[in-house]
2 protein chains.
Amino acid sequence: MSESDLPGSQGGETLLFLTDDQLRQGIEAMFFAYRGFTADPDRILQNYSYGRAHHRALHFINANPGTTVNNLLAILGVTKQSLNRVLRTLIEDGLVQSNVGRSDKRERNLNLTEKGEALEQELSNAQRVRMRAAYRQAGPEAVQGFKRVLEAMMDPEMRRIYTKMRETR
Amino acid sequence: MSESDLPGSQGGETLLFLTDDQLRQGIEAMFFAYRGFTADPDRILQNYSYGRAHHRALHFINANPGTTVNNLLAILGVTKQSLNRVLRTLIEDGLVQSNVGRSDKRERNLNLTEKGEALEQELSNAQRVRMRAAYRQAGPEAVQGFKRVLEAMMDPEMRRIYTKMRETR
DNA sequence: ATTTTAAGTCAGCCTTGTTGACATTCCAAG
DNA sequence: CTTGGAATGTCAACAAGGCTGACTTAAAAT
């Protein structure tokens, strides 16, 4: 309404889809989809009386074995007190192992134990099942686009971290 | 690793992109992108000492003028106690108006006041700026795919609500 | 007349985020 | 060798926003 009553397309750079309503739809799609995205792990976590924060820690320790606390803080974007609370219970419960760094003994290298890997697997399996179904339903080209838009939506620093992680895999 | 070493594409139904690593990348993309998605409104909300919950209420009242509390509960997927806490402050602060229903006097019809519309505009403007930039960067085909995957990721009931809202617009 | 529904409220609990203060350990620079 | 600063961890207190359970009021439906 407020812009772009322009009709037609000009191949790859249309403005047609940038009406406020189209953008609102995208916003709502993100909202509803994110709920689905977290629903399955959330259900599983209840059985262990853990929360989403525990899942995130498990996920990124698994993705970056031997990572330090500081690095994890940068990825998760929370305070160290917040992370520490979660990390402590995971260590106490024997899901995460924290080893003093070899070169710098102030640092802690974090790794999943077998038990930790098992839960991480259970959680990400559930999440992958939904992702796989969605990908299959939407088709390969859609998946390309999906990732392109999500990447463009990230804060630059997060995109940097995201890109680095996918490279070292 | 666990499936699909099949090479090549078969036009629209490949399995190539469904490796666990590809799926994990999608999961991480969702995580990092959602942070970007909420970052701008979150910053604004601090100035008013409101939270994300207030934003969601404002958004969906704006999108469904005259909606009832029950309807809003279904959309947001929270308990009425949770919603009521947020709604009460918005009504007290004069952002939302609650009117007894005409046909059914048990119901309350919720609408934004001018003040409420102003804040909703400020918030969704900030969010749209980022969406618009991301859309433009990714291109129109990508946006199509983005929405297709997100829709496929929703719980069926949420997809129903999402679809209905976009129709009545 | 009774039951059900919509809305609201009170109390209490949990998770997960925040600040601020402070201790410890240890690297590195002066 | 000492000292400054970085990395880690911990304590306390607090807030937002979820949750459950119990209960009231008003109005609609049966």
Side-chain angles (χ1 to χ4, degrees), chain A residues 31 34-35 38-39 41-61 66-93 96-111, chain B residues 31 34-35 38-39 41-61 66-93 96-111:
Chain A
F31 172 72
Y34 199 78
R35 290 253 298 278
T38 55
D42 281 356
R43 255 188 300 275
I44 293 169
L45 287 159
Q46 284 196 326
N47 305 333
Y48 299 84
S49 38
Y50 288 144
R52 226 175 264 184
H54 299 86
H55 181 194
R56 290 199 281 262
L58 290 175
H59 176 103
F60 285 109
I61 292 171
T67 188
T68 65
V69 172
N70 245 10
N71 187 33
L72 209 48
L73 285 177
I75 293 172
L76 296 173
V78 298
T79 58
K80 77 179 162 175
Q81 293 92 330
S82 234
L83 175 57
N84 204 255
R85 181 166 33 198
V86 164
L87 225 39
R88 189 169 35 200
T89 72
L90 290 175
I91 293 170
E92 279 169 3
D93 297 353
V96 169
Q97 215 184 347
S98 169
N99 298 309
V100 174
R102 284 180 303 106
S103 51
D104 186 336
K105 291 176 192 163
R106 288 168 304 179
E107 295 182 343
R108 300 289 181 279
N109 295 123
L110 303 172
N111 290 283
Chain B
F31 172 71
Y34 199 78
R35 290 253 296 279
T38 55
D42 281 356
R43 256 188 299 276
I44 294 169
L45 285 159
Q46 285 196 323
N47 306 332
Y48 300 84
S49 39
Y50 288 145
R52 226 175 263 184
H54 299 86
H55 181 193
R56 291 198 280 262
L58 290 175
H59 176 101
F60 286 109
I61 293 172
T67 187
T68 66
V69 172
N70 249 5
N71 188 33
L72 207 49
L73 285 177
I75 294 172
L76 296 174
V78 297
T79 58
K80 78 178 162 176
Q81 293 92 328
S82 240
L83 174 58
N84 206 256
R85 181 167 33 194
V86 164
L87 223 41
R88 188 168 35 198
T89 73
L90 290 176
I91 293 170
E92 279 170 3
D93 296 354
V96 169
Q97 215 183 349
S98 168
N99 299 310
V100 173
R102 284 180 300 109
S103 52
D104 187 336
K105 291 176 194 165
R106 287 170 306 178
E107 297 182 342
R108 301 288 182 277
N109 295 123
L110 302 172
N111 290 283

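All chains are named by letter (A, B, ...) in the order of the sequence lines, taking the proteins before the strands, and each is independently numbered beginning at 1.
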From NZ of Lys80(B) across to P of dG18(D) the rounded distance in Å is 17 Å
When you measure from the side chain of Thr89(A) to the backbone N and O of Val86(A), does any donor-acceptor pair fall under 3.5 Å?
yes
What is the distance, rounded to the nearest whole Å, between atom NE2 of His55(B) and atom C1' of dA16(D)?
16 Å
Let me know the distance between CG of Leu87(B) and C1' of dG18(D), rounded to the nearest Å.
16 Å
Please determine if a side-chain N or O atom of Arg108(A) lies less than 4.0 Å away from the OP1 or OP2 oxygen of dC26(C).
no
Figure out the CZ/P separation between Arg88(A) and dG17(C), and round it to whole Å.
14 Å
Distance test, side-chain N/O of His54(A) to OP1/OP2 of dT15(C), below 4.0 Å:
no
Looking at CZ of Arg56(B) and CG of Leu72(B), how far apart are the two atoms once the value is rounded to the nearest 0.5 Å?
11.0 Å
Indicate, yes or no, whether a donor-acceptor pair under 3.5 Å links the base of dG8(C) to the side chain of Arg106(B).
no
Look at the aromatic rings of Tyr50(A) and Tyr48(A) and report parallel, tilted or perpendicular, splitting at 30° and 60°.
parallel
Can you see if the side chain of Arg52(A) gets near the phosphate of dT16(C) - specifically, an N or O under 4.0 Å from OP1 or OP2?
no
Expressed as a whole number of angstroms, how long is the span from Gln46(A):CD to dC19(D):C1'?
10 Å
Pairwise 5' ranking along DNA chain C for Arg102(A) and Val86(A), keeping only the more 5' one
Val86(A)
What's the separation between atom NE2 in His54(A) and atom CG in Leu87(A), rounded to the nearest 0.5 Å?
9.5 Å
Looking only at the side chain of Val69(B) (C-beta and beyond, no hydrogens), which of the listed nucleotides dA7(C), dT16(C), dT8(D) gets closest?
dA7(C)
side-chain N/O Asn84(B) vs dT9(C) OP1/OP2, d < 4.0 Å:
yes
Pick base, sugar-phosphate or nothing for Ser103(A), based on heavy-atom distances below 4.0 Å to the nucleic acid.
sugar-phosphate
Starting at atom CG of Leu110(B), determine the distance to atom P of dA6(C), rounded to an integer number of angstrom.
14 Å
Choosing from dC19(D), dG17(D), dA27(D), which nucleotide comes nearest the side chain of Val78(B)?
dC19(D)
Any side-chain N or O of Asn70(B) less than 4.0 Å from the OP1 or OP2 oxygen of dA7(C)?
yes
Whole-Å distance between dT9(C) C1' and Leu73(B) CG?
14 Å
Non-hydrogen side-chain atoms of Phe31(A) and Leu76(B) separated by less than 4.5 Å:
yes
Can a donor-acceptor pair under 3.5 Å be found between the side-chain atoms of Arg85(A) and the base atoms of dG9(D)?
no
Asn71(A) and side chain to side chain contact (heavy atoms under 4.5 Å, CB included): which single residue from Thr68(A), Leu73(A), Val69(A) fits?
Thr68(A)
Quiz item: Gln81(A) side-chain donor-acceptor pair to dG20(C) base, under 3.5 Å
yes
Identify, between Asn71(B) and Gly77(A), the residue whose nearest nucleotide on DNA chain C lies closer to the 5' end.
Asn71(B)
Quick check on dC19(D): is either OP1 or OP2 less than 4.0 Å from any side-chain nitrogen or oxygen of Thr79(B)?
yes
Value in whole Å for how far the P atom of dC27(C) lies from NZ of Lys105(A):
6 Å
